[in-house]
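Report on the following structure.
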Amino acid sequence: MHTPPLPWHAAYPAPRSAATGIRREEVLQWFRSGKQAGRDFILVDLRRTDFEGGTIRGSINLPAQSLYPAIPTLYSLLSQSPVKEVVWYCGSSRGRGVRAASWFADYIELQGETRLKSLVLEGGVKGWAAAGKEYTDLMDEYDASVWTE
């Protein structure tokens, strides 16, 4: 009998906290108000091999499969920056996005951090791309054919 391989995240502890969601409309409002990704907030695209079609402008790519060991380093960098919100997303933000946001929330809570917030983008990048031109205009390497199939 063949035993299916364990999912990649089985090697790491389950998150203790539940991810806090943020609506794409709120992130869009940040862009419109002059906030800058990378300075005022961080967008983290967790996709590894399914990043075709573009990413939200200013996002950094930290594939979920290699994220957990990097959390202390990421926290160290962000805790010394003006960034207040870290917004995690994957395709739908139902798996990797929720897990990453929860792991980071757990870590910042352990540090006694109260300034940084760990948020998951509701609907993920698929929801962002499907929401219309005002959203896709804020994507780098946007390819409409990927999102219409």
- Listed partners of Tyr68 passing ring-ring contact (aromatic ring centres under 6.0 Å, His included), at least two apart: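 Applying ring-ring contact (aromatic ring centres under 6.0 Å, His included) to Tyr68 gives Tyr12, Trp103.
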Where the side chain of [X] meets the backbone of [Y], is there a donor-acceptor pair that is under 3.5 Å apart?
{"X": "Arg115", "Y": "Val83", "value": "yes"}
{"X": "Asp45", "Y": "Asn61", "value": "no"}
{"X": "Ser102", "Y": "Ser17", "value": "yes"}

Nearest atoms (heavy-atom pairs only) where [X] meets [Y]:
{"X": "Leu46", "Y": "Leu62", "value": "CD2-O, 3.2 Å"}
{"X": "Glu52", "Y": "Arg47", "value": "O-NH1, 3.9 Å"}
{"X": "Pro63", "Y": "Arg48", "value": "CB-CB, 3.8 Å"}
{"X": "Leu43", "Y": "Ala37", "value": "CD1-CB, 4.1 Å"}
{"X": "Ser118", "Y": "Phe104", "value": "OG-CB, 3.5 Å"}

Salt bridge (Lys or Arg N to Asp or Glu O under 4.0 Å): which pairs involve [range], sequence neighbours left out?
{"range": "residues 123-133", "value": "Lys133-Asp137"}
{"range": "residues 66-95", "value": "none"}
{"range": "residues 11-33", "value": "Arg23-Glu25, Arg32-Glu134"}

[atom1]/[X] to [atom2]/[Y] distance, rounded to the nearest 0.5 angstrom?
{"X": "Gln65", "Y": "Arg96", "atom1": "CD", "atom2": "CZ", "result": "6.5 Å"}
{"X": "Asp106", "Y": "Ile71", "atom1": "CG", "atom2": "CD1", "result": "8.5 Å"}
{"X": "Arg57", "Y": "Thr136", "atom1": "CZ", "atom2": "OG1", "result": "10.0 Å"}

Path from [X] to [Y] over hydrophobic side-chain contacts below 4.5 Å:
{"X": "Tyr75", "Y": "Ile60", "answer": "yes"}
{"X": "Trp147", "Y": "Leu28", "answer": "yes"}
{"X": "Leu67", "Y": "Leu116", "answer": "yes"}
{"X": "Val120", "Y": "Trp30", "answer": "no"}
{"X": "Phe31", "Y": "Leu121", "answer": "yes"}

- Report the C-alpha separation of Val86 and Leu78 in whole Å, then their side-chain angles, then the decisive distance to 0.1 Å, and conclude whether the side chain to side chain contact (heavy atoms under 4.5 Å, CB included) test is met. CA-CA 9 Å; Val86 183; Leu78 294 176; 3.5 Å; yes
- Query: Yes or no on side chain to side chain contact (heavy atoms under 4.5 Å, CB included) for Phe41 and Ile22, after CA distance, side-chain angles and deciding distance?
  - Reply: CA-CA 13 Å; Phe41 61 97; Ile22 185 168; over 6 Å; no
- Cluster membership besides Leu77, Ile/Leu/Val/Met/Phe/Trp/Tyr side chains within less than 4.5 angstrom, sorted by chain and number, is none
- Query: Tell me, do Trp88 and Ser93 make a side-chain contact under 4.5 Å, heavy atoms counted?
  - Reply: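 In short, these two side chains do not touch, never coming nearer than 4.5 Å.
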- Query: Applying ring pair (Phe, Tyr, Trp, His ring centres under 6.0 Å), which residue pairs with at least one partner in residues 109-130 are found, sequence neighbours left out?
  - Reply: Trp128-Tyr135
- Full working for side chain to side chain contact (heavy atoms under 4.5 Å, CB included) between Ser79 and Glu113: CA-CA 8 Å; Ser79 67; Glu113 174 69 57; 4.1 Å; yes
- Residue pair Ile56, Tyr89: steps toward the side chain to side chain contact (heavy atoms under 4.5 Å, CB included) verdict: CA-CA 10 Å; Ile56 302 170; Tyr89 69 89; 3.7 Å; yes
